[in-house]
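Single-structure report; data block below.
Note: hydrogens, waters and symmetry copies are ignored here, and every other heavy atom, side chains too, is used.
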Amino acid sequence: MGKPIPKIGSRRNGRIGSRKNARKIPKGVIHVQASFNNTIVTVTDVRGQVISWSSAGTCGFKGTRRGTPFAAQTAAGNAIRTVADQGMQRAEVMIKGPGLGRDAALRAIRRSGILLSFIRDVTPMPHNGCRPPKKRRV
């Protein structure tokens with residue numbers, strides 16, 4: 001019987017933690033997805049690889065409180081705190097969705113001290129695509 005081959009990403013050989021902290025990212029992209037029920041903030045590098053992410057649900061908000069502006073502000077602060085420690089100074093912001101957390105997340109990003117090169121709204125807009133669902137009768 002030969003020795004078992006260790007998995008490349010296993011926690012025993014300690015590769016995951018050391019690789020995460022070793023990267024220095026001077027510039028990145030912050031994606032904010034604000035729906036009516038939740039706000040997800042993802043920080044990527046320029047190539048699109050995820051460095052850090054947070055959402056209102058992972059910050060401890062449950063149910064209808066996840067869609068509030070305060071929950072979005074908390075989620076944005078959590079996501080940015082980890083990348084600020086890794087040395088990110090400049091960022092681009094992409095905002096998607098109609099939720100209440102759009103402005104609150106952007107305010108939290110501005111307050112973090114990261115220089116924003118531009119802010120872009122990437123909400124998908126149909127050019128009269130699919131037929132909408134029928135109107136509710138209450």
Hydrophobic cluster membership, Met88 vs Val93, 4.5 Å side-chain cutoff
yes
For Ser35, which residues count as a side chain to side chain contact (heavy atoms under 4.5 Å, CB included) partner, sequence neighbours excluded?
Asn37, Asn38
Report the distance from atom CD1 of Ile51 to atom OG1 of Thr44, rounding to the nearest 0.5 Å.
6.5 Å
For Ser52, which residues count as a side-chain hydrogen bond (donor to acceptor under 3.5 Å, both in side chains) partner, sequence neighbours excluded?
Thr82
Are Val43 and Val32 co-members of a hydrophobic cluster defined by side-chain heavy atoms under 4.5 Å apart?
yes
I'd like to check the side chain to side chain contact (heavy atoms under 4.5 Å, CB included) partners of Val122; sequence neighbours left out, ordered by chain and number.
Met94, Lys96, Arg120
With sequence neighbours left out, write down each residue that passes salt bridge (Lys or Arg N to Asp or Glu O under 4.0 Å) with Asp121, or none if nothing qualifies.
Arg102
Can you name the side chain to side chain contact (heavy atoms under 4.5 Å, CB included) partners of Arg47, sequence neighbours left out?
Asp45, Gln49
Restricting to non-hydrogen atoms, name the atom on Trp53 and the atom on Ala79 that form the minimum distance, rounded to 0.1 Å.
C-CB, 4.3 Å
Sequence neighbours left out, cut at 3.5 Å: what donor-acceptor pairs do the side chains of residues 103-114 make with other protein atoms?
from, atom 1, to, atom 2, distance (Å)
Ser112, OG, Ile109, O, 2.6

Looking only at heavy atoms, which two atoms of Ser55 and Ala75 are closest? And how far apart?
C-CB, 3.6 Å
Kindly work out whether a path of hydrophobic side-chain contacts (I/L/V/M/F/W/Y, heavy atoms less than 4.5 Å apart) joins Ile25 to Val41.
yes
Could you tell me which residues satisfy side chain to side chain contact (heavy atoms under 4.5 Å, CB included) with Arg81, sequence neighbours excluded, listed by chain and number?
Asn78
Output every pair passing salt bridge (Lys or Arg N to Asp or Glu O under 4.0 Å) with a member in residues 82-93, not counting sequence neighbours, ordered by first then second residue.
Lys27-Glu92
Please, which pairs that meet salt bridge (Lys or Arg N to Asp or Glu O under 4.0 Å) have at least one residue in residues 57-72, sequence neighbours excluded?
none
Listing request: all ring-ring contact (aromatic ring centres under 6.0 Å, His included) pairs with a residue in residues 80-133, at least two apart in sequence or in separate chains.
none
Ring pair (Phe, Tyr, Trp, His ring centres under 6.0 Å) partners for Phe70, two or more places apart
Phe61
Evaluate the side chain to side chain contact (heavy atoms under 4.5 Å, CB included) criterion for residues Ile119 and Ile95: first the C-alpha distance (whole Å), next the side-chain angles of each, then the deciding distance (0.1 Å), finally the verdict.
CA-CA 8 Å; Ile119 301 163; Ile95 300 177; 4.0 Å; yes
Members besides Val138 in its Ile/Leu/Val/Met/Phe/Trp/Tyr cluster (side-chain heavy atoms under 4.5 Å)
none
Please tell me whether Val46 and Val83 are part of a single hydrophobic cluster in this structure, the criterion being side-chain heavy atoms less than 4.5 Å apart.
no
